[in-house]
Amino acid sequence: MSLHTLPVHRGLRVPYVARWTGEEDISPAVVGAGGVLRYAEPVADAACRWQGALWRRLARAQGRGEPVFEALHPVRQRTAMWNQWCQVCGTSVAEEAAARGGALYLGGTDAESGTQDPMTEGERTENPPLHIACAWESVSHCRHLLEGYTAARVARPRQWGVAGILHAPARGTVVPVQRTETSYGSERLGWMLAERAIVQLTRVRVVDLVSEAERAGLLGAGSRR
């Protein structure tokens with residue numbers, strides 16, 4: 001599948017990072033060896049280790065089955081984060097970021113408070129950046145973002161760590177301890193089964209997405225969302 005060709009579901013493009021029902025979890029059993037969490041299968045262990053963490057292994061079958069919009073494919077999410085690719089179209093945001101003073105990030109409604117607080121300096125996120133056109137498409141169709149969103153241009157997103165499940169050795173085996181976040185360089189990183197890459201947002205500038213969309217010619221005069 002071409003990076004530039006996105007599957008379409010019910011008339012809408014399915015974001016690059018979204019998981020599909022055909023992408024089942026194929027992670028082997030985990031063990032503790034050499035002071036870290038490992039897969040019992042050496043080939044899978046070597047293939048799924050990144051920046052000191054073991055990553056959950058899912059099949060790669062983008063477009064197969066039904067899209068699960070609220071779930072992210074670990075490898076595509078990580079790839080988008082590290083390469084600064086748009087989470088929707090899967091292509092680089094570097095040119096737009098350079099022209100507009102930073103990469104565009106969106107935040108949705110907080111699940112606990114129900115509010116949309118502006119993004120702040122040093123905030124961490126699991127959501128990759130977007131192009132303005134892809135962001136405008138997202139806030140028009142994404143169920144999560146329809147409830148509210150915030151937007152910011154970020155001049156220096158910094159690779160911070162991973163989110164996933166922390167494990168611990170226990171009587172000759174390993175057991176899951178908690179779902180958590182762990183920074184790169186942490187002693188806990190080797191015991192994580194990672195599922196998401198996390199970036200820390202620095203040099204944050206809150207923006208009005210409607211104004212950004214108007215500048216990009218994405219809506220007619222007087223059209224407001």
Side-chain angles (χ1 to χ4, degrees), residues 1 3 14-85 87 90 105 107-108 110-112 120 122-129 144 154 156-202:
M1 179 178 297
L3 183 65
V14 178
Y16 168 73
V17 297
R19 180 178 174 180
W20 291 74
T21 55
E23 298 182 308
E24 66 273 15
D25 191 329
I26 54 174
S27 302
V30 293
V31 297
V36 296
L37 187 70
R38 294 188 180 276
Y39 282 136
E41 298 177 10
V43 173
D45 182 77
C48 296
R49 194 162 295 280
W50 177 267
Q51 297 293 320
L54 184 66
W55 278 74
R56 185 176 296 282
R57 192 179 193 191
L58 268 63
R60 300 192 198 187
Q62 189 179 10
R64 183 182 300 168
E66 296 286 318
V68 186
F69 290 98
E70 64 274 17
L72 305 182
H73 190 283
V75 171
R76 291 198 295 273
Q77 185 270 354
R78 185 186 73 201
T79 301
M81 281 296 212
W82 277 82
N83 293 334
Q84 285 288 278
W85 286 355
Q87 62 173 282
Y105 285 81
D110 184 270
E112 294 183 1
T120 57
E123 181 176 335
R124 299 194 295 267
T125 182
E126 301 175 9
N127 298 314
H144 178 56
V154 179
R156 289 186 180 175
R158 183 177 71 88
Q159 302 296 337
W160 181 86
V162 301
I165 301 175
L166 179 66
H167 288 65
R171 298 181 182 179
T173 185
V174 292
V175 295
V177 176
Q178 62 176 330
R179 187 172 293 278
T180 188
E181 299 178 354
T182 300
S183 63
Y184 296 121
S186 167
E187 294 181 357
R188 304 196 308 173
L189 189 65
W191 291 99
M192 289 287 288
L193 184 59
E195 298 172 333
R196 306 279 187 274
I198 298 174
V199 298
Q200 186 172 41
L201 309 180
T202 64

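Using a distance-only test at 3.5 Å, with no hydrogens or angles considered, a donor-acceptor pair links the side chain of His73 to the main chain of Ala59. No donor-acceptor pair under 3.5 Å is formed between the side chain of Ser27 and the backbone N or O of Arg56. Side-chain atoms of Trp20 never come within 3.5 Å of backbone atoms of Arg60 as a donor-acceptor pair (strictly under, hydrogens ignored). The closest donor-acceptor contact from the side chain of Gln84 to the backbone of Pro129 lies at 3.5 Å or more, if one exists at all.
In terms of heavy atoms, Val17 sits closest to Ala80 at CG1-CB, 4.1 Å. Closest heavy-atom contact between Tyr39 and Cys48: CE1-CB, 3.7 Å. Here the shortest heavy-atom pairing between Leu58 and Ile26 reads C-CG1, 3.9 Å. The nearest pair of heavy atoms linking Met81 to Pro128 is SD-CA, 3.7 Å. The two residues Pro15 and Phe69 have their closest heavy-atom pair at CD-CE2, 3.8 Å. Residues Val68 and Ala18 approach most closely at O-CB, 4.3 Å, considering heavy atoms.
At least one side-chain heavy atom of Thr125 sits under 4.5 Å from a side-chain heavy atom of Val199. The closest side-chain heavy-atom distance from Gln62 to Glu23 is below 4.5 Å. In this structure, Glu195 and Leu72 have side chains that are not in contact, with every pair of non-hydrogen atoms separated by 4.5 Å or more. Counting only heavy atoms from C-beta outward, the side chains of Glu181 and Glu126 approach each other to under 4.5 Å. Side-chain atoms of His167 and Ile165, non-hydrogen and from C-beta on, do get closer than 4.5 Å to each other.
With sequence neighbours excluded, no residue satisfies side chain to side chain donor-acceptor pair (under 3.5 Å) with Arg57. By the side chain to side chain donor-acceptor pair (under 3.5 Å) test, Arg196 is found to be paired with no residue, residues two or more places apart in sequence or in another chain being considered.
One finds the CH2 atom of Trp160 at 14.5 Å from the OG1 atom of Thr202 (value rounded to the nearest 0.5 Å). Rounded to the nearest 0.5 Å, atoms CZ (Arg179) and CG (Leu166) are 11.5 Å apart. The CD atom of Glu70 lies 10.5 Å from the CZ atom of Arg19; values are rounded to the nearest 0.5 Å.
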| query | Is there a side chain to side chain contact (heavy atoms under 4.5 Å, CB included) between Leu193 and Leu37 once you walk through the steps? | reply | CA-CA 8 Å; Leu193 184 59; Leu37 187 70; 4.1 Å; yes
| query | Could you walk me through whether Thr182 and Trp191 pass the side chain to side chain contact (heavy atoms under 4.5 Å, CB included) check? | reply | CA-CA 10 Å; Thr182 300; Trp191 291 99; over 6 Å; no
| message | The test is side chain to side chain contact (heavy atoms under 4.5 Å, CB included); show your working for Val75 and Trp55 and say whether it passes. | response | CA-CA 8 Å; Val75 171; Trp55 278 74; 5.9 Å; no
| Audit row: Tyr184, Leu189, side chain to side chain contact (heavy atoms under 4.5 Å, CB included) steps and yes/no | CA-CA 7 Å; Tyr184 296 121; Leu189 189 65; 4.0 Å; yes
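For CZ of Arg124, the number of neighbouring non-hydrogen atoms (other residues, nucleotides, ligands) closer than 6.0 Å is greater than 12. Within 6.0 Å of CD in Glu187 there are 12 or fewer heavy atoms belonging to other residues, nucleotides or ligands.
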